[in-house]
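Just below is one structure, and these are the notes that go with it.
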There are 2 protein chains.
Amino acid sequence: MNTLPAKTVERLSEYRRTLMGCLNAKRNYIYSHQLASLLHITAVQVRRDLMLIGYSSVLRKGYDVRELIDTIGRIIDSEETMNVAIIGIGNLGRAVAGYFKGKRSKLNLVASFDNDPQKVNKVISGVRCYPYQEMEKLMGELNIRIAILTVPADYARETAENTIRFGIKGILNFTTVPLNVPSGIFLEEYDMITSMEKVAYFVKENRF
Amino acid sequence: MNTLPAKTVERLSEYRRTLMGCLNAKRNYIYSHQLASLLHITAVQVRRDLMLIGYSSVLRKGYDVRELIDTIGRIIDSEETMNVAIIGIGNLGRAVAGYFKGKRSKLNLVASFDNDPQKVNKVISGVRCYPYQEMEKLMGELNIRIAILTVPADYARETAENTIRFGIKGILNFTTVPLNVPSGIFLEEYDMITSMEKVAYFVKENRF
DNA sequence: TAAACATTGTTATTTTATTAACAATAAAAA
DNA sequence: TTTTTATTGTTAATAAAATAACAATGTTTA
């Protein structure tokens, strides 16, 4: 299978969680327009995305919720679990950690790192916090593949370089410092200030 | 001036902050390719964005950093300050509040709301937390235009509807629940789980 | 049974975003 | 002074994403 467009991957993640909600509500089949409306997108978008992953419904009966959840999982999850660490377990790090409570099936938060002695060697938001100095050793031992960067801006670049040196393959950068990474490392950045200023701009303009 | 493309607005926010860093470093002029490289994008992108806001440099001298900061401000900031509230001052809310410390010039965080008696009427992360019940009254009094939604998923929809009823014009939704809003309200959503699963997918695929 | 209908999968079209190409031009070098 | 060079602003080309169009087809209704 070819690599999917990034936007499709994002929506697949959202489809799956929405579908899990449907299962909980004992709904076993769902039409494209229903799934679309739960996510406030169009039915065509849903059908197109599902086409890309080769999923087919029974005509006029809608999609089999459980089956579709599985199919999406086969596409976007890895075979074995993928281990994740949070670097910097301040407010933001703890918030992110909280999302792992609901058990992301194949994504495993296995460690956090910090250099605050108050935090080190404690379990914070459900995950053990290790001293920053042990990162090198533990990245290997725990087979950590993804780093979530929630350190203060001043440490962003240095920390990112370290995680890469210690073998990380993907970084989710929540700091406001833009990173660049060598090829072979996947980088996803999210900047909250940008989002806030964007909202302010469009509110001011009031046409969008 | 026509409304700018959303992506351009996002980059303008990033340009400005990068330029402020330059000013601090006593750099007064900057070439498009230098600004680009600080953000790990292309010089054409920078020039194109600046073309859209009608900024011109002195040829071959690069952009005047201070002037460009001002120009961007005139485009993306509103005349008067725009007031913001954080709804739900848990870990994520506190993390967001932290970004206002550095004083977003025209974006003012004036309140947070929560219904935890432990938090109410205290100053948390630099902002006073008011009881959820007072939202209606204070949204008007404090002239709050933008709501940042950092409540637990179960409250997302209800809370969003309330903020809209109380006069908010823009929502930045950090919950994992997709919202839909009436026209005239600007909605920006960010879903951390989606980002994490996206990173996991591309790490697994290892071609992007 | 035949006609109308609802839904899907997919191709075609449009829109949006990015990248490339290049003329214009001033500074620096010859 | 003339030539070369570096940089910009802008138009043209390409790529990516979203939307529309529609044939195919099984279900329901008449």
Report yes if at least one side-chain N or O of [X] is closer than 4.0 Å to OP1 or OP2 of [N]; otherwise report no.
X	N	result
B:S56	D:dG9	yes
B:S32	D:dT8	yes
B:R11	C:dA17	no

> For DNA chain D, whose closest nucleotide is more 5', that of B:I30 or that of A:R47?
Replying inline: B:I30
> When you match B:Y31 and B:M51 each to their closest nucleotide on DNA chain D, which lands nearer the 5' end?
Replying inline: B:Y31
>> Centre-to-centre under 6.0 Å for A:Y29 and A:Y63, is that the case here?
In response: no
> Closest to the B:H33 side chain: D:dT19, D:dT7, C:dT19?
Replying inline: D:dT7
>> Applying a 4.0 Å non-hydrogen cut-off, can you work out what A:Y29 is touching in the nucleic acid: base, sugar-phosphate, or nothing?
In response: nothing
> Do B:D191 and B:K198 sit within salt-bridge range, that is, some charged N less than 4.0 Å from a carboxylate O?
Replying inline: no
> Is there a donor-acceptor contact under 3.5 Å from the side chain of A:S78 to the main chain of A:T81?
Replying inline: no
> Do the side chain of B:N108 and the main chain of B:V110 share a donor and acceptor less than 3.5 angstrom apart?
Replying inline: no
> Given atom CZ of B:R48 and atom C1' of C:dT18, what is their separation to the nearest angstrom?
Replying inline: 9 Å
